[in-house]
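The structure under discussion appears below in the form of structure tokens.
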Amino acid sequence: MKIATWNVNSLRVRLPQLKQWLTESPVDAIGLQELKQPDEDFPAEEIDALGLHAAWYGQKTYNGVAILARQPLEDVEYGIPGFEDPQRRVIAATIAGVRLINVYVPNGQAVGSDKYVYKLEWLRQLQAYVADALARHPQLAIVGDYNIAPEDRDVHDPAKWEGSVHVSAAERDALAELLRAGLTDTFRQFEQPDGAYSWWDYRMGAFRRNHGLRIDLVLASRELADRCIGCHVDRRPRTWERPSDHAPVVATFDIA
DNA sequence: ATGGCTAACATGGTTAGA
């Protein structure tokens with residue numbers, strides 16, 4: 001079973017690339033972030049034509065998340081229960097017995113800003129949600145754009161980024177808390193090349209120079225992590241015409 | 001050099017992303 005995550009940065013613009021990538025690199029399930037479109041614009045027919053089931057939770061202009069899967073989606077949940085949040089950033093579903101939560105963690109803009117405060121509060125809400133989900137679902141994967149680089153090796157120039165948003169201690173602590181609760185960063189279960197990132201700024205030739213961050217993650221519960229047999233970033237779509245600034249990340253599990 | 005690019009909304013220039 002292959003589970004992927006991809007921040008498409010506008011599903012309207014990126015639909016052709018999504019279709020191409022899913023055709024070339026079939027996965028069993030994928031979490032998409034930053035749809036940037038209202039629910040009524042979701043390309044349901046085109047996704048159906050790919051042979052995929054889907055659930056989506058969008059909004060105009062900003063945010064928006066979706067799950068696509070080969071098998072039907074069961075027990076779809078929208079947002080974090082009990083957390084009133086006008087920003088649509090979370091969707092969950094069960095696929096072939098695996099619980100999949102797809103998240104678009106707030107950017108945070110700058111340390112100390114209102115958006116940073118919101119990001120940290122949002123992460124606290126996510127921690128509680130995840131603790132509950134882990135208790136209910138032994139086979140749990142939480143994929144998405146975390147907007148946090150877990151460690152300095154996930155940052156192209158740690159000295160330049162030190163203390164700033166995406167790497168600050170409070171953000172990394174929040175992510176570490178998720179891992180302590182019983183999740184594994186599947187990417188780090190395996191030997192990886194240096195400079196493996198999942199996002200590169202559109203500016204400054206950042207992709208060409210590999211000036212990136214690894215902020216898109218596939219986290220897995222113990223039971224699922226034990227069956228994980230690989231995880232990689234697929235940089236190819238970042239080389240295509242009019243790319244998303246994020247690349248897809250794919251984890252493979254030894255499950256039917 | 002604190003910008004550089006891209007997308008949405010708008011239909012020029014602002015907001016947001018990371």
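Below, chain A is the first sequence line, B the second, and so on; all start at residue 1. What you see is a predicted model; the values in this text were computed from it and never measured.
Taking the side chain to side chain donor-acceptor pair (under 3.5 Å) definition, one finds that A:Arg209 meets it with nothing, sequence neighbours left out. Considering only residues two or more places apart in sequence or on other chains, A:Arg172 meets the salt bridge (Lys or Arg N to Asp or Glu O under 4.0 Å) condition with A:Asp152. Residues passing the ring pair (Phe, Tyr, Trp, His ring centres under 6.0 Å) test with A:Phe207, sequence neighbours excluded: A:Trp200. For A:His137, there are no ring pair (Phe, Tyr, Trp, His ring centres under 6.0 Å) partners, not counting sequence neighbours.
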Under 3.5 Å donor-acceptor pairs involving side-chain atoms of residues 74-84 of chain A, not counting sequence neighbours:
from: A:Glu77; atom 1: OE1; to: A:Tyr129; atom 2: OH; distance (Å): 2.6

Show me, pair by pair, the donor-acceptor contacts under 3.5 angstrom made by side chains of residues 212-221 of chain A, not counting sequence neighbours?
from: A:Arg214; atom 1: NE; to: A:Asp154; atom 2: OD1; distance (Å): 2.7
from: A:Arg214; atom 1: NH1; to: A:Asp185; atom 2: OD1; distance (Å): 3.3
from: A:Arg214; atom 1: NH1; to: A:Asp185; atom 2: OD2; distance (Å): 3.3
from: A:Arg214; atom 1: NH2; to: A:Asp154; atom 2: OD1; distance (Å): 3.3
from: A:Arg214; atom 1: NH2; to: A:Asp185; atom 2: OD2; distance (Å): 2.7
from: A:Asp216; atom 1: OD1; to: A:His246; atom 2: ND1; distance (Å): 3.2
from: A:Asp216; atom 1: OD2; to: A:Ser198; atom 2: OG; distance (Å): 2.6
from: A:Asp216; atom 1: OD2; to: A:His246; atom 2: ND1; distance (Å): 2.9
from: A:Ser221; atom 1: OG; to: A:Pro138; atom 2: O; distance (Å): 2.5
from: A:Ser221; atom 1: OG; to: A:Leu140; atom 2: N; distance (Å): 3.1
from: A:Ser221; atom 1: OG; to: A:Leu140; atom 2: O; distance (Å): 3.4

Pairs under 3.5 angstrom only: tabulate donor-acceptor contacts from the side chains of residues 38-49 of chain A to other protein residues two or more places apart or in another chain.
from: A:Asp39; atom 1: OD1; to: A:Gly58; atom 2: N; distance (Å): 2.5
from: A:Asp39; atom 1: OD2; to: A:Arg88; atom 2: NH1; distance (Å): 3.3
from: A:Glu46; atom 1: OE1; to: A:Lys19; atom 2: NZ; distance (Å): 2.6

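Taking atom C1' in both B:dT6 and B:dA18, the straight-line distance is 12 Å, to the nearest Å. Taking atom P on both B:dT2 and B:dT11, the two are 30 Å apart, rounded to the nearest angstrom.
Residues of residues 196-210 of chain A that place a heavy atom closer than 4.0 Å to DNA chain B, in numerical order, are A:Trp199, A:Tyr202, A:Arg203, A:Met204. DNA chain B is contacted by A:His166 of residues 155-179 of chain A, taking any non-hydrogen atom closer than 4.0 Å.
One atom, CG of A:Asp114, and another, C1' of B:dG17, lie 17 Å apart when rounded to the nearest Å.
The side chain of A:Arg242 contributes no N or O atom lying less than 4.0 Å from OP1 or OP2 of B:dC5. In terms of phosphate contacts, A:Asn9 brings no side-chain nitrogen or oxygen within less than 4.0 Å of OP1 or OP2 of B:dA18. Taking 4.0 angstrom as the limit, A:Lys115 places a side-chain polar atom (N or O) nearer than this to OP1 or OP2 of B:dA16.
Looking only at atom types and distance, the side chain of A:Gln87 has no donor-acceptor partner in the side chain of A:Tyr62 under 3.5 Å away.
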